[in-house]
Amino acid sequence: MEALRTAVDAPEDELAPGEPAVAAEPVERQAAKTRTGRVGIVLVSHSKAVAESVAALAGALIGSVEPAPLAVAGGTPDGGIGTSAELITAAARSVDEGRGVAVLCDMGSAVLTVNALLGEEPSQLPEGARIVDAPFLEGAVAITLTSAIGGDLDAVLAAAEDARGYRKR
């Protein structure tokens with residue numbers, strides 16, 4: 001999981017080229033900040049381990065392509081199973097590079113929490129944040145790759161829709 005890092009708070013002008021920014025709070029893990037103006041990706045799971053594993057697999061499957069800005073919001077702040085509006089908001093803000101943020105949830109209360117955050121006035125999530133309707137693993141791979149190759153938010157969401165419709169038999 002070396003490709004995953006903690007949340008980014010360092011100003012862009014303080015980073016050396018290719019240097020990942022690292023901060024201690026509050027997002028647990030995130031891909032190295034690319035600062036390339038790509039669509040940000042947030043993976044929301046009830047489990048930190050699941051979110052990190054799915055992020056690691058998606059990152060590994062995109063090969064040598066520069067990683068998309070990716071953060072996970074897994075579990076609760078105290079390490080338990082569940083979802084956290086605080087972690088989701090921090091993750092979305094940490095990957096926002098001005099082209100939108102795609103938020104992919106595993107199930108149930110993760111979806112409800114993200115929808116509640118999107119419905120708030122003013123929204124706690126960055127402008128252009130959208131929930132993704134796709135299976136967690138397949139959707140994560142599709143949206144991570146599409147963002148990494150420079151797809152806009154509509155292309156990222158379309159890739160998720162394709163992943164949702166993929167039949168295994």
Side-chain angles (χ1 to χ4, degrees), residues 1-12 14-15 19-59 67-144 146-148 153 156-157 160:
M1 292 231 243
E2 184 56 33
L4 298 178
R5 302 277 183 223
T6 36
V8 177
D9 289 332
E12 182 174 344
E14 292 180 13
L15 296 175
E19 176 187 6
V22 179
E25 296 294 331
V27 178
E28 296 297 326
R29 307 288 278 169
Q30 153 183 344
K33 191 73 166 186
T34 61
R35 304 209 187 273
T36 56
R38 295 181 185 164
V39 173
I41 305 296
V42 177
L43 302 180
V44 181
S45 175
H46 287 71
S47 164
K48 177 181 174 183
V50 168
E52 288 180 339
S53 295
V54 169
L57 179 60
L70 170 69
V72 302
T76 60
D78 65 358
I81 298 295
T83 58
S84 163
E86 176 186 352
L87 293 178
I88 295 165
T89 300
R93 289 178 180 167
S94 75
V95 297
D96 181 21
E97 295 187 355
R99 296 209 45 217
V101 176
V103 184
L104 178 62
C105 304
D106 61 358
M107 62 185 177
S109 65
V111 175
L112 295 173
T113 302
V114 171
N115 279 329
L117 290 169
L118 288 169
E120 289 181 356
E121 286 295 330
S123 178
Q124 298 299 306
L125 298 179
E127 185 176 334
R130 302 272 301 277
I131 195 165
V132 176
D133 185 13
F136 197 59
L137 178 58
E138 293 91 335
V141 172
I143 66 177
T144 300
T146 305
S147 174
L153 185 57
V156 169
L157 296 173

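All residue numbers refer to positions in the sequence shown, counting from 1. In this text, all values refer to a predicted model and were calculated from it rather than measured experimentally. Excluded from the calculations below are hydrogen atoms, water molecules and symmetry mates; all remaining heavy atoms, backbone and side chain alike, are included.
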Carefully, step by step, assess I41 and V95 under the rule side-chain contact (heavy atoms from CB on, under 4.5 Å). CA-CA 7 Å; I41 305 296; V95 297; 6.0 Å; no
Working for side-chain contact (heavy atoms from CB on, under 4.5 Å), residues C105 and I131: CA-CA 8 Å; C105 304; I131 195 165; 4.0 Å; yes
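- Listed here is the closest heavy atom pair of T144 and A68: O-CB, 3.8 Å.
- For the atom pair I81 CD1 and S109 OG, the distance stands at 10.5 Å (nearest 0.5 Å).
- Residues passing the side-chain hydrogen bond (donor to acceptor under 3.5 Å, both in side chains) test with D133 are R164, sequence neighbours excluded.
- Contact detail for L87 and G75: the closest heavy-atom pair is CD1-O, 3.5 Å.
- Between V44 and F136 the shortest heavy-atom distance is O-CE1, 3.4 Å.
- Looking at residues two or more places apart in sequence or on another chain, you find no side-chain hydrogen bond (donor to acceptor under 3.5 Å, both in side chains) involving S84.
- With sequence neighbours left out, A129 forms a side-chain contact (heavy atoms from CB on, under 4.5 Å) with V101, L118, L125, P126.
- Of the possible polar contacts, one joining the E97 side chain to the R38 backbone as a donor-acceptor pair under 3.5 Å is found.
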Derivation of the side-chain contact (heavy atoms from CB on, under 4.5 Å) call for H46 and T83: CA-CA 5 Å; H46 287 71; T83 58; 3.9 Å; yes
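- When atom types are taken as modelled, the side chain of S147 and the backbone of G40 share no donor-acceptor pair closer than 3.5 angstrom.
- A donor-acceptor distance shorter than 3.5 angstrom exists from the side chain of S94 to the backbone of A91, with no hydrogens or angles considered.
- Q124 and R93 get closest at one heavy-atom pair: O-NH2, 3.1 Å.
- Counting heavy atoms from C-beta outward, E120 and L117 have side chains that approach closer than 4.5 Å.
- Nearest approach of G128 to L153, heavy atoms of both residues: O-CD2, 3.2 Å.
- The two residues L104 and A140 have their closest heavy-atom pair at CD2-N, 3.2 Å.
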